[in-house]
Amino acid sequence: MTDKDAVDAIIEQWAAVRPDLDTTAMEVFGRVYRLSRAMGDRIEQTYARLGISRGEFDVLATLRRADAPYTLSPRRLSATLMLTTGGMTGRLDKLERRGLVRRSPDPHDRRGLQVTLTEEGLAVVDEAVGAGLAVQKKALEGALDGPQAEQLAGLLRQLLTTTTSTA
């Protein structure tokens, strides 16, 4: 048994005032939510040391995963990141001012643009993904062994795919 956490205290309070409730789902999602917030904050701090926000990292990482020449349309970026075109424009403006991406006309569509990682953008995103993974790995190593982490990843995948396919 591990130490009690903040979710345990909430569950105990509910049990005292509403013993008829099954709070199992609250225990799972409360912990997922709190873990997501805590790790998100750590990752945000890691990226900030590299001069980018989490949202900017998401743009750079999406371009990086597109492989050479690391180019996508703003529309494709928006769709992948589930952002409005206005939100994407703001991120691209910041990244372009920093020299991390370049916007250019799309040679296949006179009305379109392409967004491409610059060499500096490639270096920043590669450093950021390594640093972010190191933070995540350190958190896992302090709590779970390899098989436990794999089991948890599988259970969360099952929950996520089931939850998002029935929503």
Side-chain angles (χ1 to χ4, degrees), residues 1-16 21-72 76-84 87-88 90-92 94-95 98 100-101 115-167:
M1 178 70 183
T2 59
D3 295 335
K4 290 191 175 209
D5 63 14
V7 175
D8 287 318
I10 293 167
I11 298 306
E12 289 171 6
Q13 291 168 342
W14 277 117
L21 294 176
D22 176 0
T23 57
T24 304
M26 186 183 296
E27 291 183 65
V28 171
F29 291 107
R31 287 186 176 97
V32 167
Y33 175 76
R34 286 168 182 264
L35 181 59
S36 177
R37 293 274 316 255
M39 289 307 300
D41 290 348
R42 288 184 194 177
I43 297 294
E44 185 76 37
Q45 291 168 0
T46 301
Y47 295 158
R49 287 192 283 277
L50 299 171
I52 58 174
S53 69
R54 192 175 353 184
E56 292 163 347
F57 169 81
D58 289 343
V59 173
L60 296 173
T62 301
L63 289 167
R64 178 65 169 103
R65 291 190 313 268
D67 209 3
Y70 315 114
T71 300
L72 292 171
R76 180 109 181 256
L77 280 167
S78 294
T80 300
L81 297 173
M82 297 183 293
L83 277 176
T84 65
M88 180 56 66
R91 286 184 190 180
L92 292 176
K94 289 178 185 178
L95 291 167
R98 292 233 8 248
L100 302 179
V101 300
V115 180
T116 305
L117 272 179
T118 63
E119 284 187 33
E120 184 179 354
L122 181 60
V124 167
V125 72
D126 280 350
E127 186 175 353
V129 74
L133 284 170
V135 168
Q136 293 170 355
K137 184 177 179 183
K138 183 178 178 184
L140 280 178
E141 287 174 347
L144 305 173
D145 64 24
Q148 289 172 319
E150 289 177 18
Q151 181 183 19
L152 179 58
L155 291 169
L156 290 171
R157 178 186 308 106
Q158 181 180 347
L159 182 59
L160 181 62
T161 57
T162 303
T163 304
T164 56
S165 68
T166 59

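- Under the 4.5 Å side-chain criterion, counting only non-hydrogen atoms from C-beta, Val7 is in contact with Arg34.
- Contact annotation: the side chain of Asp58 never approaches that of Tyr47 to less than 4.5 Å [non-hydrogen atoms, C-beta and beyond].
- Counting heavy atoms from C-beta on, the side chains of Leu83 and Arg91 come closer than 4.5 Å.
- Comment: Glu12 engages Lys4 in a salt bridge, judged by a side-chain N to carboxylate O separation of less than 4.0 angstrom.
- Without hydrogens or angle criteria, Thr71 side chain to Pro69 main chain gives a donor-acceptor distance under 3.5 Å.
- The local environment of CD in Glu27 is crowded, with over 12 non-hydrogen atoms from other residues, nucleotides or ligands closer than 6.0 Å.
- Side chain of Arg42 to backbone of Ala139: no donor-acceptor contact under 3.5 angstrom is found.
- Of the inter-residue distances, the one linking Asp8 atom CG with Asp3 atom CG reads 10.0 Å to the nearest 0.5 angstrom.
- For the pair Arg54 (side chain) and Ile43 (backbone), a donor-acceptor distance under 3.5 Å is absent.
- Atoms CH2 and OG1, from Trp14 and Thr23 in turn, are 10.0 Å apart once rounded to the nearest 0.5 Å.
- Partner of Arg157 under the side-chain contact (heavy atoms from CB on, under 4.5 Å) criterion, out of Leu160, Thr161, Leu155, Leu159: Thr161 alone.
- Proximity of Val59 to Met88: side-chain heavy atoms (C-beta onward) are separated by under 4.5 Å at one or more points.
- Rounded to the nearest 0.5 angstrom, Leu100 CG and Leu92 CG are separated by 11.0 Å.
- Interatomic distance, Thr46 OG1 to Ile52 CD1, rounded to the nearest 0.5 Å: 10.5 Å.
- In this structure, Asp145 CG and Gln151 CD are separated by 9.5 Å, a value rounded to the nearest 0.5 Å.
- Separation of atoms CG (Leu63) and CG (Leu117) is listed at 4.5 Å; rounding is to 0.5 Å.
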